[in-house]
*Asks:* 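Dropping a structure here in structure tokens format, bear with me for questions.
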Amino acid sequence: MSGTEVQSVRTDGPTADGVPAVSAQRLLQDLAELATFGGRADGGVDRVAGSLADLESRAWLAARIAQAGLSARTDAAGNVFGRRAGTGDGPWLLAGSHTDTVPAAGRLDGAYGVIAALEVLRTLHEADHPAADSLEIVSFWDEEGAAPDSPGGLTGSTALCGDDHVNDVSAYLELHVEQGPRMESTGLQLAAVTGIVGVERYVITVYGTPNHGGTTPMEGRADAGRAVAKVASRVADLAIGTDAAMVANTGCIEFLPGAPNVVPGEARLTVEFRADREASLRTAGEKLRALAHGSAAEENCVAEVERISRKPVTHFDPLLCDLVAETLAAVHPATGRLFSYAGHDASAMSTRVPTAMLFVPSTGGVSHSPAEHTPDPMLVQGAQALLHAVVAVHARHLR
Ligand SMILES: [Zn+2]
């Protein structure tokens with residue numbers, strides 16, 4: 001971390017402002033135990049949605065909720081919920097995340113937000129704090145979309161948005177590891193997440209003329225491979241020149257027929273843009289079309305550009321974001337606001353209820369990897385910040 005230290009988080013008895021303190025030991029133990037489901041020798045986790053490890057971890061979570069004296073429920077979509085028993089019909093402030101993973105994942109993505117929400121509810125329940133009666137926690141089914149039969153991720157949260165139960169949800173809070181380096185590089189300990197970048201994906205197909213790779217002179221070739229390679233090499237500058245906060249990825253490239261001695265007659269490239277402004281995505285798309293057609297023409301080829309998917313920019317609820325930002329400052333002075341460059345269940349939830357997120361830093365910005373890490377004191381601090389936010393939302397809604 002750059003210059004800031006984790007403030008000591010009290011984990012015994014109430015904090016200075018009378019808000020109960022989470023148990024660091026219980027939080028970290030539960031995180032470690034959850035990581036044994038699908039645990040790998042390298043410290044990572046394989047818990048793709050629907051796998052045996054995923055199903056077993058969900059049964060474990062429901063049992064853990066019950067052991068805390070709380071009521072566990074699994075809905076038709078596979079989402080696991082927990083709340084205090086006998087607390088009426090809501091409305092509920094929902095807090096949670098997901099416990100499924102990508103293959104060869106880290107132990108924190110999703111799991112941290114679920115276990116922290118459980119710890120917050122346990123703490124409020126034991127302290128008999130009034131906010132315990134209106135808090136529900138959730139582990140959503142299949143956030144990652146990593147299974148071959150997945151509809152593409154955010155499956156459980158999207159299902160909840162179409163379920164009657166969403167009408168009893170007043171707001172949604174999700175605590176998560178950042179999965180990127182921005183907090184670490186700016187010295188932030190906690191961040192209120194104000195939205196999620198929009199994502200647009202394109203496939204560029206270039207058509208040239210397949211021919212003998214040896215006998216065809218260099219001038220006059222219609223080399224589709226060289227044309228898409230030119231596009232690929234220019235996409236980063238295109239994105240940076242459009243919006244300094246935009247990111248672009250050229251993740252797949254394919255030359256056909258694909259032989260060392262054949263000039264590629266056809267070539268394909270995928271391009272993904274992420275930005276926090278719709279205007280940037282629009283401009284980048286226009287520039288990409290021009291770049292593809294220009295690069296193809298330079299190589300005596302023609303290009304087709306197709307936008308294959310589009311997720312709009314998500315802006316979380318401004319009032320809830322303000323409330324979260326205020327409560328973070330009560331936990332640590334090094335707090336700020338961020339946009340998320342990764343997708344989350346919060347994106348689906350925000351289409352139906354006021355939503356906000358909290359981030360803690362990811363060491364080295366590493367995620368979707370067994371090397372994913374956040375120091376334990378920061379994990380505890382983040383859970384305590386979630387508890388503060390839950391109490392603040394409760395106070396705002398009921399007083
Ligand atoms: Zn996640």
Side-chain angles (χ1 to χ4, degrees), residues 27 30-31 34-35 37-38 44-51 53-54 57-58 61 77-80 94-120 137-147 150-161 172-183 190-197 199 247 274 311 314 316 338-351 355-374 378-379 382-383 385-386:
L27 173 83
D30 274 358
L31 266 174
L34 176 53
F37 293 92
V45 176
D46 284 314
R47 208 164 51 232
V48 170
S51 65
D54 179 46
S57 75
R58 287 173 181 280
L61 178 64
N79 301 316
V80 177
L94 189 65
S97 190
H98 61 97
T99 44
D100 68 299
T101 73
V102 294
R107 64 186 189 94
L108 296 175
D109 179 357
Y112 170 53
V114 172
I115 296 302
L118 171 61
E119 179 53 27
V120 166
I137 64 169
V138 66
S139 170
F140 284 118
W141 176 265
D142 183 29
E143 188 270 351
E144 298 286 3
S150 167
L154 307 186
T155 309
S157 47
T158 301
L160 176 61
C161 289
Y172 176 65
L173 286 178
E174 182 168 350
L175 171 65
H176 208 283
V177 291
E178 184 203 347
Q179 304 182 272
R182 291 173 174 82
M183 292 181 72
L190 294 162
V193 185
T194 53
I196 298 180
V197 290
V199 185
V247 296
R274 298 186 186 219
K311 287 185 188 143
T314 298
F316 292 147
L338 273 188
F339 233 73
S340 172
Y341 280 74
H344 296 288
D345 289 305
S347 158
M349 293 306 296
S350 73
T351 64
T355 293
M357 289 187 76
L358 297 76
F359 273 175
V360 298
S362 293
T363 303
V366 177
S367 186
H368 283 189
S369 156
E372 184 180 76
H373 181 68
T374 300
M378 285 191 189
L379 295 175
L386 177 64

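Treat the numbers as computed from the prediction; the structure is a model and nothing was measured. Order of appearance sets the numbers: ligands from 1, and atoms from 1 within every ligand.
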*Asks:* Is the backbone of Arg107 close enough, under 3.5 Å, to the side chain of Tyr112 for a donor and an acceptor to pair up by distance?
*Replies:*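 No, Tyr112 side chain to Arg107 backbone: no donor-acceptor pair under 3.5 Å.
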
*Asks:* Should the pair Arg182 and Phe359 be classed as cation-pi, given the thresholds of under 6.0 Å to the six-membered ring centre and 45° from the axis?
*Replies:*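 Output no; distance or angle outside limits.
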
*Asks:* Is there a donor-acceptor contact under 3.5 Å linking the side chains of Ser362 and Gln179?
*Replies:*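 On atom types as modelled, these side chains do not qualify, holding no pair under 3.5 Å.
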
*Asks:* Identify which one of Leu118, Val114, Thr99, Val45 satisfies the side-chain contact (heavy atoms from CB on, under 4.5 Å) criterion when paired with Leu34.
*Replies:*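 Checked Leu118, Val114, Thr99, Val45 against Leu34; only one passes side-chain contact (heavy atoms from CB on, under 4.5 Å): Thr99.
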
*Asks:* Side chains of His98 and Asp109: donor-acceptor distance under 3.5 Å anywhere?
*Replies:*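 Checked: His98/Asp109 side chains pair up, N/O donor to acceptor below 3.5 Å.
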
*Asks:* Step by step, would you call Thr351 with Cys161 a side chain to side chain contact (heavy atoms under 4.5 Å, CB included)?
*Replies:* CA-CA 8 Å; Thr351 64; Cys161 289; 4.0 Å; yes

*Asks:* Keeping to distances under 2.8 Å, can you name the protein N/O/S atoms close to the Zn ion (ligand 1)?
*Replies:*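 Near the Zn ion (ligand 1), the protein supplies His98 NE2, Asp109 OD1, His176 NE2.
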
